[in-house]
There are 2 protein chains.
Amino acid sequence: MTSTGARPTTPTLDEVAVLAGVSRATVSRVINDSPRVSPSARDAVQAAVAQLRYVPNRMARSLVTRRTDTIALVLSETNTQIFSDPFFARIVRGVTAALADTDLTVVLLAARDGREQEKAGRYVRQGHVDGVILMSMHHDDVLPAVLADASVPLVLFGRPLDGGTFSYVDADNTGGAAMAARHLVEQGRRRIGTVTGPQDMNAGIDRFAGFRTALADAGLPLPAERCAKGDFTEAGGARATARLLEQAPDLDAVFVASDPMAVGALRVLAESGRRVPDDVAVVGFDDAPVAAESDPPLTTVAQPLTEMTQELTDLLRRQIEGSREVETRICDTHLVRRASA
Amino acid sequence: MTSTGARPTTPTLDEVAVLAGVSRATVSRVINDSPRVSPSARDAVQAAVAQLRYVPNRMARSLVTRRTDTIALVLSETNTQIFSDPFFARIVRGVTAALADTDLTVVLLAARDGREQEKAGRYVRQGHVDGVILMSMHHDDVLPAVLADASVPLVLFGRPLDGGTFSYVDADNTGGAAMAARHLVEQGRRRIGTVTGPQDMNAGIDRFAGFRTALADAGLPLPAERCAKGDFTEAGGARATARLLEQAPDLDAVFVASDPMAVGALRVLAESGRRVPDDVAVVGFDDAPVAAESDPPLTTVAQPLTEMTQELTDLLRRQIEGSREVETRICDTHLVRRASA
DNA sequence: TTGAAAGCGCTAACAG
DNA sequence: CTGTTAGCGCTTTCAA
């Protein structure tokens with residue numbers, strides 16, 4: 001029991017090889033599940049691995065394979081609020097789930113200001129990851145260009161404002177919003193208003209555009225007082241909704257451009273002593289229980305989270321495999337009618 | 001302009017050396033800011049680096065230095081809700097901020113179920129990071145043991161239930177809660193209730209214990225109907241508060257054991273037609289604007305976020321430097337009285 | 001101050 | 001099926 005403070009040196013491939021009585025190459029083959037290994041050799045190696053509690057050194061492996069089996073999910077968002085947004089949490093969950101039974105690991109990189117973005121960019125360019133999924137809603141983000149320039153496989157979540165040069169996955173925001181508008185019209189609503197998202201993000205722009213166009217197609221007016229600008233946050237949604245009720249008390253339906261905003265909107269509507277809209281439509285992921293029961297009744301333009309994150313990882317993996325093509329995926333949304341209270 | 005599709009091979013140290021007319025060793029010295037380099041050599045190297053847009057290969061470097069200059073912040077939490085909790089977002093921000101002007105990069109690892117925890121553990125043990133900060137509120141988490149066993153430098157955020165074996169940083173939950181209770185007593189409150197945190201987490205246990213003890217010391221009773229158990233979430237806080245008002249309508253003050261719960265609690269209190277407590281105290285980080293203005297007035301047991309995350313990273317770095325000691329830090333809290341409406 | 005040389009631990013031809 | 005042989009790109013003595 002000579003317990004010197006000697007740091008237990010990590011076992012290497014060679015030590016395993018010696019213990020198993022084979023060559024390093026054979027050990028390597030076993031580690032990498034090569035079929036070209038005899039059962040006996042495999043057993044011997046596995047026993048040695050277990051006994052030594054051997055763990056391969058990824059740095060050494062990556063140095064030669066040029067792969068890290070890791071991808072980065074970069075959250076490039078200045079607004080701290082948004083970082084704790086359930087929206088981001090869902091993407092993270094979707095992506096990790098999509099990669100659950102692969103040998104790829106996802107690491108999250110928070111890049112909230114210029115310095116952090118630079119750090120993240122450096123991290124990626126130094127070869128720590130095989131590819132990047134970037135969530136950035138702002139057009140002035142330099143990360144896409146930097147990464148593309150370093151020829152790091154890259155896929156964006158959400159169509160960039162200056163689309164065309166990057167691969168991305170997005171939901172059909174325009175179509176979904178139009179669908180919601182048509183739904184409200186079909187319910188007999190005529191004085192429909194909206195809580196929009198920020199108009200400097202595609203998600204906000206497209207949802208407003210689809211909504212507006214559908215109303216116009218239905219021959220319904222959309223005066224300015226029936227529009228209130230939100231910022232995709234719950235608090236912003238609440239504020240915008242309050243403003244909306246103030247400006248246009250006669251609304252008979254409202255389209256809320258995002259899920260977190262809807263939480264705030266529903267609260268304000270519920271609290272409101274004033275006459276409230278009979279119908280509300282919301283954009284959100286299909287797994288988001290925006291409101292299990294709500295009054296007024298709620299309809300969701302459901303974005304397929306699983307499908308989107310699956311496409312995201314598929315695209316990225318294809319880029320990693322060597323594809324140089326810019327690919328884009330617009331995922332369909334569908335309407336979900338929630339139970340009315 | 002012979003633009004073959006040939007992948008632009010990343011420049012290596014040698015190429016820089018050749019272009020600069022020096023040896024690889026000299027380039028390495030320049031890269032690593034060694035003082036033992038002549039100005040002329042340094043200039044030549046830097047020029048070559050710039051021209052080639054050379055970026056060191058971290059795998060190669062790590063293979064020899066045994067360091068990655070990366071630490072992992074592991075979010076080991078089963079509950080998805082909690083992942084988008086502002087609480088976690090704050091820690092992430094604090095830790096990245098504490099490391100902002102270091103050359104350490106933080107990667108986040110989401111470990112929400114057994115499989116992901118295993119993946120995270122593997123990632124860490126394979127040598128991708130120099131150390132780990134673990135946020136895990138559950139005692140059945142195996143990650144601490146696994147990582148410690150692999151002798152990976154590790155610091156926990158929050159005292160573990162089975163404390164003693166791991167280094168950790170925590171706020172003075174007991175003292176803070178007692179302080180809050182005394183404050184309420186000093187304000188003349190006599191029928192004080194509480195919305196507690198979960199009683200299977202130290203944060204919940206300690207806050208309740210500190211509160212209860214302080215009331216007892218003041219000779220005030222704490223009947224069961226003045227206690228409602230929350231789960232640290234906003235929704236849970238709202239539910240617990242509603243229950244509390246039901247059970248003990250005569251409360252004249254309430255102690256809410258966490259910041260997110262307080263948001264829900266305040267909402268319920270505001271909406272409540274019933275008589276509501278005159279005074280509310282809450283536990284939260286000192287940067288959290290729980291409620292800028294509120295009625296009833298609000299007092300916060302402020303936990304020093306910056307100090308805590310700084311201690312966290314300091315401790316971890318010391319572990320990385322080779323310290324084998326288990327160190328713990330309990331950070332003091334202070335009362336912040338918010339403006340009353 | 002600089003360069004030559006020896007690896008870090010692993011994978012990947014290439015023989016056998 | 002298995003072993004031998006080269007490196008991957010970088011840091012780091014050790015001499016010069």
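In what follows, chains carry the letters A, B, and so on, assigned in the order in which the sequence lines appear, proteins first and then strands, with residues in each chain numbered from 1.
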From CA spacing to verdict: salt bridge (charged side-chain N to carboxylate O under 4.0 Å, His left out), B:D103, A:K119: CA-CA 9 Å; B:D103 49 6; A:K119 221 168 184 174; over 6 Å; no
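For the pair A:D14 CG and D:dT5 P, the interatomic distance rounds to 14 Å; values are reported in whole Å. Taking atom CE of residue B:M59 and atom C1' of nucleotide D:dT11, one finds them 16 Å apart after rounding to whole Å. Distance A:I31 CD1 to C:dA12 P: 13 Å, rounded to the nearest Å. Atom CG in B:L63 sits about 12 Å away from atom P in D:dC10, given to the nearest Å. The CG atom of B:D69 sits 15 Å away from the P atom of D:dC10 (whole-angstrom rounding). As rounded to whole Å, 20 Å separates atom P of C:dC8 from atom CZ of B:R58. Rounded to an integer number of Å, the gap from B:L13 CG to C:dC8 P is 19 Å. Atom CZ in A:R36 sits roughly 17 Å away from atom P in C:dT11 (whole-Å rounding).
Side-chain contact between A:V132 and A:V129 is present, with at least one heavy-atom pair separated by less than 4.5 Å. Residues B:Y168 and B:L315 form no side-chain contact, since every pair of their non-hydrogen atoms from C-beta on lies 4.5 Å or further apart. Here the side chains of B:S62 and B:R67 are not in contact, with every heavy-atom distance at 4.5 Å or above.
Under a 4.0 Å N-O distance rule, the pair B:D170/B:R329 does not qualify as a salt bridge. Salt bridge A:R58/A:D69: present, at least one basic N to carboxylate O contact under 4.0 Å. In summary, A:R115 and B:D101 engage in a salt bridge, as defined by a charged side-chain N under 4.0 Å from a carboxylate O.
For the helix from C:dT1-D:dA16 to C:dG16-D:dC1, the angle separating the two terminal helix axes comes to 30°, with each axis derived from five pairs and the value rounded to 10°.
B:R122 CZ to A:T105 OG1: the interatomic distance, rounded to the nearest 0.5 Å, is 7.0 Å.
B:R61 comes within contact range of the sugar-phosphate backbone alone, with a heavy-atom separation under 4.0 Å but no base atom that close.
Positionally, the nearest nucleotide of DNA chain D for B:N57 lies more toward the 5' end than for the other of B:R29 and B:N57.
Against DNA chain D, the stretch residues 20-27 of chain B makes heavy-atom approaches under 4.0 Å through B:R24, B:A25.
Within the structure, a side-chain polar atom (N or O) of A:S38 is placed less than 4.0 Å from OP1 or OP2 of D:dT2. Between B:S28 and D:dT11 there is a side-chain polar atom (N or O) within less than 4.0 angstrom of OP1 or OP2. Taking only side-chain nitrogens and oxygens, B:R66 comes nearer than 4.0 Å to OP1 or OP2 of C:dG9.
Ranking D:dT2, C:dT2, C:dA12 by closeness to the B:V37 side chain, first place goes to C:dT2.
At a cut-off of 3.5 Å, with distance as the only test, a side-chain donor of A:D314 or A:Q310 sits close to an acceptor on the other residue.
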